[in-house]
2 protein chains.
Amino acid sequence: MREEEFDVFAQLCPSREMFADLADKWSMLILMSLAACGPQRFSELQRGVGGVSRKMLTQSLRNLERSGLVLRTVFPETPPRVVYDLLPLGRELAELLSPLGRWTEGHALQMLAAREEFDAAHARD
Amino acid sequence: MREEEFDVFAQLCPSREMFADLADKWSMLILMSLAACGPQRFSELQRGVGGVSRKMLTQSLRNLERSGLVLRTVFPETPPRVVYDLLPLGRELAELLSPLGRWTEGHALQMLAAREEFDAAHARD
DNA sequence: AGACCTGGTCTATATTCGAGACCGCTCGAC
DNA sequence: GTCGAGCGGTCTCGAATATAGACCAGGTCT
């Protein structure tokens, strides 16, 4: 029993909603950065994940925090420090995500070549 | 040598551009569907990937085709059939993606619970 | 004192998405 | 033969979303 309970391919399945939230450029890069560089504060993450705006960083982090993947800790020093770290659930996920990043880096050239070929073939129309 | 050549975290790196294209709900689900159910025609994919519009399906498939991940074949029968299948590059990627889908299905409940807890904690403000 | 870093929020604009109409073609039912 | 449906798309429109950048109240550095 409980096989087939959840299905990411089904539009109305809760797991699909979760998948749609996680299958996002910034969320994935944030988790990968936390996995690769350890706990980081807000501005470290912003520098680590090149090109992310403060708004999207805040938004994605809140989402990850809400889903129990990331822990946000405020150290009440002066000035206060805010540090983000992976929770066990987030670490599990990040371990599936990191290979994806490495694969992309390793195959970027092949994909770029395919794109040029495709574009050349379709320019002749 | 050639270590550090590509870096998905760098905003201007070609691999990051590729990553941004692939780290997309529909592209990932399409690759996963092709990996799980084998070659499929356009309308089969549309039914398989619940909730995708024809527009986004076309767009994502073109993108995957352009990057050399997916092969589009038109069988000149009457009426013509259009079949999409994974190329080796796409199959490699799909093999990293599928675990992600299964993980999401397996941990959806935990994440939903975390969300409820988070929302409850922040409603008391 | 003036400039910068911190962790954000807010707004205005640009981009993207989803819903649905439309298309020409072919098939099966009536 | 004609009505409706399925095929593989394209086009358009309004709504949702992303990006860029200003702003903020503190504290630190020079």
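All chains are named by letter (A, B, ...) in the order of the sequence lines, taking the proteins before the strands, and each is independently numbered beginning at 1.
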For atom OH of B/Y84 and atom C1' of D/dC7, their distance in whole Å
12 Å
Do side-chain atoms of A/E105 reach the backbone of B/S15 as a donor and acceptor pair under 3.5 angstrom?
no
Contact check, residues 50-73 of chain A vs DNA chain D, heavy-atom distance under 4.0 Å, returns A/R54, A/K55, A/M56, A/Q59
Check whether A/Q40 reaches the backbone of A/G38 with its side chain - one donor and one acceptor, N or O, closer than 3.5 Å.
yes
Summary of protein contacts for nucleotides 25-30 of chain D, nucleotide by nucleotide, where a base hit scores B, a sugar-phosphate-only hit scores S (4.0 Å, heavy atoms)
--S---
For B/P80 and B/R41, which heavy atoms make the closest approach, and how far apart are they?
O-NH2, 4.4 Å
Can B/L64 be reached from B/L89 by stepping across I, L, V, M, F, W or Y side chains whose heavy atoms are under 4.5 Å apart?
yes
Grouping I, L, V, M, F, W and Y whenever their side-chain heavy atoms are under 4.5 Å apart, do B/V70 and B/F75 come out in a common cluster?
no
With A/R115, which residues qualify under salt bridge (Lys or Arg N to Asp or Glu O under 4.0 Å), at least two apart?
B/E17, B/D21
What heavy-atom pair brings B/L69 and B/L22 nearest, and what distance separates the two atoms?
CD1-CD2, 3.6 Å
Indicate every side-chain donor-acceptor pair of residues 92-101 of chain A with a distance under 3.5 Å to a residue at least two apart or in another chain.
{"unit_1": "A/E92", "atom_1": "OE1", "unit_2": "B/W103", "atom_2": "NE1", "d": "2.9"}
{"unit_1": "A/E92", "atom_1": "OE1", "unit_2": "B/H107", "atom_2": "NE2", "d": "3.1"}
{"unit_1": "A/S98", "atom_1": "OG", "unit_2": "A/A94", "atom_2": "O", "d": "3.0"}

Without placing hydrogens or testing angles, list every side-chain donor-acceptor pair under 3.5 Å for residues 48-62 of chain A, not counting sequence neighbours.
{"unit_1": "A/S53", "atom_1": "OG", "unit_2": "A/M56", "atom_2": "N", "d": "3.2"}
{"unit_1": "A/T58", "atom_1": "OG1", "unit_2": "A/R54", "atom_2": "O", "d": "2.9"}
{"unit_1": "A/S60", "atom_1": "OG", "unit_2": "A/M56", "atom_2": "O", "d": "2.8"}

Please name the pair of heavy atoms, one in A/V83 and one in A/P39, separated by the smallest distance, quoted to 0.1 Å.
CG1-CB, 3.9 Å
Proximity to DNA chain C (any heavy atom under 4.0 Å), residues of residues 10-48 of chain B only:
B/K25, B/W26
